[in-house]
Amino acid sequence: MSSTTITIRTARLSDAVAIEEISSRYATQGYMLKRAPENIIENIRNFFVAERNGSVIGSCAISFFTLHLAEIRTLAVVDSFKRQGVGSMLVRKAEEVLYEEGVKTAFVLTLSPDFFNSLGYHQVEKEMFPQKIWRDCTNCPKLMACDEIAMIKELEGRTVGGLQ
Ligand SMILES: CC(C)(COP(=O)(O)OP(=O)(O)OC[C@H]1O[C@@H](n2cnc3c(N)ncnc32)[C@H](O)[C@@H]1OP(=O)(O)O)[C@@H](O)C(=O)NCCC(=O)NCCS
């Protein structure tokens, strides 16, 4: 493995601190909901990380809502590694795992629609996801002024392995 190889893998418990550090910075800027350390630890098996030279440089999580619907969330790439394909690799890994689980539709709530557009997501009405609203949005400080864009991607038919 070359020293600059970026590996995408399922998170381990020892990654929880790094995930919290990366994601809380963006949560403070309003890009995502803040996730408490104990919440990350509790859900650590649903996280993926991008690792380079032993350091975590990005992360994302999956969250199942129904047998066929899941969210990709808490996606964050360290500033100095943006625009190098890391975010795309994390999302593709998440999609691959969702697809293997039988999930047909992945959704995101995001302030970065151009990024998700580049990965084949398209905008829909937030009201399509009452489950999400009940689970998370009611606790969100932005509830009444939500500026996030809901986007979906149908996973059926995509090629497992990240090739589109
Ligand atoms: C969104 C984010 C995860 C993208 O990660 P990344 O590693 O920089 O993304 P990639 O390098 O894989 O980008 C792939 C493509 O997405 C698009 N894209 C990515 N960032 C973009 C931006 N800021 N503006 C416009 N297009 C963008 C481009 O088409 C890009 O391809 P290109 O670099 O060849 O032009 C990263 O910017 C980030 O951590 N943002 C803050 C947190 C956030 O918004 N998370 C999403 C919450 S759901």
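We count ligands from 1, going down the list as the structure has it; atoms in each ligand are counted the same way. Note that the numbering runs from 1 along the sequence shown for the chain. Below, all heavy atoms of this structure are taken into account, side chains as well, without hydrogens, waters or symmetry copies.
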Which protein non-hydrogen atom lies closest to atom 14 (C) of ligand 1, naming both residue and atom, and how far is it? S88 OG, 3.3 Å
Answer yes if the side chains of E51 and T7 hold a donor-acceptor pair under 3.5 Å, and no otherwise. no
Looking at R25, E38, K34, R35, which one forms a side-chain contact (heavy atoms from CB on, under 4.5 Å) with E20? K34
If the cut-off is 4.0 Å to any non-hydrogen atom of A76, which atoms of ligand 1 fall inside it? 39 (O)
Decide if atom CZ of R9 counts as having more than 12 heavy atoms of other residues, nucleotides or ligands within a radius under 6.0 Å. yes
Suppose I only count heavy atoms of Q84 and a 4.0 Å limit; which atoms of ligand 1 are within that range? 11 (O)
Any idea which atoms of ligand 1 are less than 4.0 Å away from a heavy-atom of S112? 1 (C), 43 (C), 44 (O)
Ring centroid separation for F129 and F65, is it under 6.0 angstrom? no
Charged N to carboxylate O under 4.0 angstrom, K153 versus E95? yes
Same hydrophobic cluster for L109 and F115, using side-chain heavy-atom links shorter than 4.5 Å among ILVMFWY? no
Nearest protein heavy atom to atom 15 (C) of ligand 1, by residue and atom, and its distance? S118 OG, 3.4 Å
Mark the output for L109 as yes if a heavy-atom distance to ligand 1 is under 4.0 Å, and as no if none is. yes
Do other residues, nucleotides or ligands put more than 12 heavy atoms under 6.0 Å from E125 CD? no
Is the closest protein non-hydrogen atom to atom 34 (O) of ligand 1 under 4.0 Å? no
Nearest option to atom 24 (N) of ligand 1, as decided by whichever heavy atom of R83, R73, K82 sits closest: R83
Protein contact of atom 39 (O) of ligand 1 - nearest heavy atom, named by residue and atom, plus distance: V77 N, 2.9 Å
For ligand 1, which atoms have a heavy atom of L75 less than 4.0 angstrom away? 3 (C), 42 (C), 43 (C), 45 (N), 46 (C), 47 (C)
Between Y26 and V77 (side chain of the first, backbone of the second, donor and acceptor by atom type, cut-off under 3.5 Å), is there such a pair? yes
Please report the closest heavy-atom contact between F64 and E101, naming both atoms and the distance. CZ-CG, 4.0 Å
When you measure from atom 2 (C) of ligand 1 to the protein, is at least one non-hydrogen atom found at a distance under 4.0 Å? no
Min over F115, F81, Y31 of heavy-atom distance to atom 4 (C) of ligand 1 lands on F115
Numbered atoms and elements of ligand 1 in range of G85, under 4.0 angstrom, heavy atoms: 10 (P), 11 (O), 12 (O)
Classify the contact between V108 and ligand 1 as side chain, backbone, both or neither, using a heavy-atom distance cut-off of under 4.0 Å. neither
Taking atom 7 (O) of ligand 1 as the reference point, the nearest protein heavy atom with its distance: G87 N, 2.7 Å
Check each heavy atom of Y26 against ligand 1 and say whether those closer than 4.0 Å belong to the side chain, the backbone, both or neither. side chain
N43 side-chain N/O to N39 backbone N/O, donor-acceptor pair under 3.5 Å: yes
heavy-atom search around atom 25 (C) of ligand 1 in the protein gives D114 CB, 3.6 Å
Side-chain donor or acceptor of H122 paired with backbone N/O of N117 under 3.5 Å: no
